[in-house]
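Note on naming: letters A, B, ... go to the chains in the order of the sequence lines (proteins, then strands), and numbering restarts at 1 for each one.
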Amino acid sequence: MHSLRPLLHPPENEQILLAQAQRLAGYTLGELAALAGLAIPPDLKRDKGWIGILLELWLGASAGSKPEQDFAALGIELKTIPIDRQGRPLETTFVCVAPLIGNTGVVWETSHVRHKLKRVLWIPVEGERQIPLAERRVGAPLLWEPSEEEEHQLRLDWEELMDLIVLGQVERITARHGEVLQLRPKAANGKALTEAIGTEGARILTLPRGFYLKKNFTARLLARHFHL
DNA sequence: TTATGATCATAC
DNA sequence: GTATGATCATAA
């Protein structure tokens, strides 16, 4: 017998959120999906965000498309992160879409990247593809805030990337720019285009881009916490 | 083997 | 198209 059940509403405080997240540690995705009455896909090929949706459901985050932190009242963003057997991240972490126009005067302090990463509840989940989706286990949660050094690293990369965007060099930016934060396409497909500034300051159409945390960055913050 | 560039589903 | 949730798949 057990009383594990999804939170039906956003948690009223941080303690409730953390307690629920800690209760989920050790369960498989199959168990959590069944208890929540959610159908489990055969794999993630066509359901890349499924684990994120499942954990949102369990933690009472209002699912859907709202440009806000998952737990706005608590100022906390939820991120699931796929890890290998050694606890290292298997994928980069999407942060937010990069604004390609209207950036004159934007600064790090008020940027979307900084706001999104102010406080993050990381939920590690076994992510190796050899493990059937239903058998992958949820790990212990980590409520993280960037250290001074981490924020400095993020800021330097963000400023470099935003400078290039403002100067009309967006199409020359590759994922190799940035030490901990990178810019990569974030689109439904190659036909999805958005407005940007091109060379000579001309208006161009280009692939929407997103900011992503590189694995070296998330690996260090996980290792620091879990003593890996 | 790995990271970059590309892509998938859904709501509005 | 943009927002949410991310992982896939192939070049190197």
Side-chain angles (χ1 to χ4, degrees), chain A residues 6 10 29 32-33 36 38-72 76-86 88-103 111-113 115-117 120-134 136 138-139 157 161 164 170-196 203-220:
Chain A
L29 298 180
L32 294 179
L38 194 65
I40 188 166
D43 55 55
L44 297 178
K45 288 179 185 171
R46 326 214 101 173
D47 296 87
K48 297 180 177 178
W50 184 80
I51 297 175
I53 302 295
L54 176 66
L55 272 296
E56 279 187 347
L57 195 166
W58 272 94
L59 296 175
S62 36
S65 55
K66 288 186 296 298
E68 259 296 349
Q69 287 164 315
D70 294 286
F71 305 101
I76 295 175
E77 172 74 12
L78 175 67
K79 288 288 181 195
T80 59
I81 184 166
I83 56 169
D84 65 17
R85 66 189 57 201
Q86 301 184 55
R88 296 174 306 199
L90 287 165
E91 294 287 347
T92 57
T93 302
F94 172 71
V95 179
C96 62
V97 168
L100 302 183
I101 57 172
N103 285 313
S111 68
H112 288 167
V113 172
H115 184 247
K116 279 273 188 177
L117 298 180
V120 178
L121 180 62
W122 297 97
I123 313 278
V125 178
E126 289 179 333
E128 292 177 330
R129 296 186 203 180
Q130 65 187 255
I131 308 175
L133 186 56
R136 298 183 192 174
V138 174
D157 285 347
L161 294 166
L164 290 168
V170 64
E171 298 199 308
R172 292 175 60 166
I173 299 174
T174 76
R176 283 162 282 264
H177 285 83
E179 294 294 321
V180 299
L181 188 72
Q182 63 183 177
L183 196 74
R184 305 216 310 275
K186 166 63 173 173
N189 55 59
K191 292 168 186 157
L193 299 175
T194 192
E195 197 172 317
R203 192 166 136 310
I204 63 170
L205 288 178
T206 192
L207 235 37
R209 311 300 163 93
F211 287 110
Y212 295 80
L213 296 176
K214 298 182 76 168
K215 290 196 284 184
N216 60 5
F217 185 82
T218 48
R220 286 196 296 258

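- Between A:Leu207 and A:Arg46, the residue whose closest nucleotide on DNA chain B is further toward the 5' end is A:Leu207.
- End-to-end axis angle of the helix from B:dT1-C:dA12 to B:dC12-C:dG1, from C1' rotation axes over five pairs per end: 40° (rounded to 10 degrees).
- A:Asp70 comes within contact range of the sugar-phosphate backbone alone, with a heavy-atom separation under 4.0 Å but no base atom that close.
- Taking atom CD of residue A:Glu56 and atom C1' of nucleotide B:dA9, one finds them 14 Å apart after rounding to whole Å.
- Partners of A:Asp47 by side-chain contact (heavy atoms from CB on, under 4.5 Å), not counting sequence neighbours, listed by chain and number: A:Pro41, A:Trp50.
- Remark: A:Val97 pairs with A:Phe94, A:Lys186 by the side-chain contact (heavy atoms from CB on, under 4.5 Å) rule, at least two apart or across chains.
- Residues forming a ring-ring contact (aromatic ring centres under 6.0 Å, His included) with A:Phe71 (at least two apart in sequence, or on another chain): none.
- With C:dT2, C:dT4, B:dG5 as the choices, the nucleotide that has an atom nearest any side-chain atom of A:Lys116 turns out to be C:dT4.
- Between A:Pro42 and A:Leu133 there is no side-chain heavy-atom pair separated by less than 4.5 Å.
- Across the protein-nucleic acid pair, A:Arg172 atom CZ and B:dG5 atom P stand 14 Å apart, rounded to whole Å.
- A:Glu128 has its CD atom 13 Å from the C1' atom of B:dT1, to the nearest Å.
- Between A:Leu54 atom CG and B:dA9 atom C1' the separation is 16 Å, expressed in whole Å.
- No option in A:Val120, A:Thr218, A:Thr80 other than A:Thr218 meets the side chain to side chain contact (heavy atoms under 4.5 Å, CB included) test with A:Thr93.
- For the pair A:Leu205 CG and C:dT2 C1', the interatomic distance rounds to 15 Å; values are reported in whole Å.
- The interatomic distance linking A:Gln86 (CD) with B:dT2 (P) rounds to 10 Å, in whole Å.
- Using a 4.5 Å heavy-atom cutoff, the side chains of A:Val95 and A:Tyr212 are not in contact.
- The nearest whole Å value for the distance from the CG atom in A:Asn216 to the P atom in B:dT4 is 10 Å.
- One N or O on the side chain of A:Gln182 and one on the backbone of A:Ala175 form a donor-acceptor pair closer than 3.5 Å.
- Counting heavy atoms from C-beta outward, A:Ile81 and A:Val125 have side chains that stay 4.5 Å or more apart.
- Residues meeting the side-chain contact (heavy atoms from CB on, under 4.5 Å) test with A:Glu179, sequence neighbours left out: A:Asp157.
- Between A:Arg209 atom CZ and C:dG1 atom C1' the separation is 16 Å, expressed in whole Å.
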Exercise for the section: Would you mind building the protein contact string for nucleotides 6-12 of chain C? One character per nucleotide, 5' to 3', B for base within reach (heavy atoms under 4.0 Å), S for sugar-phosphate only, - for untouched. Expected result: BBBB---
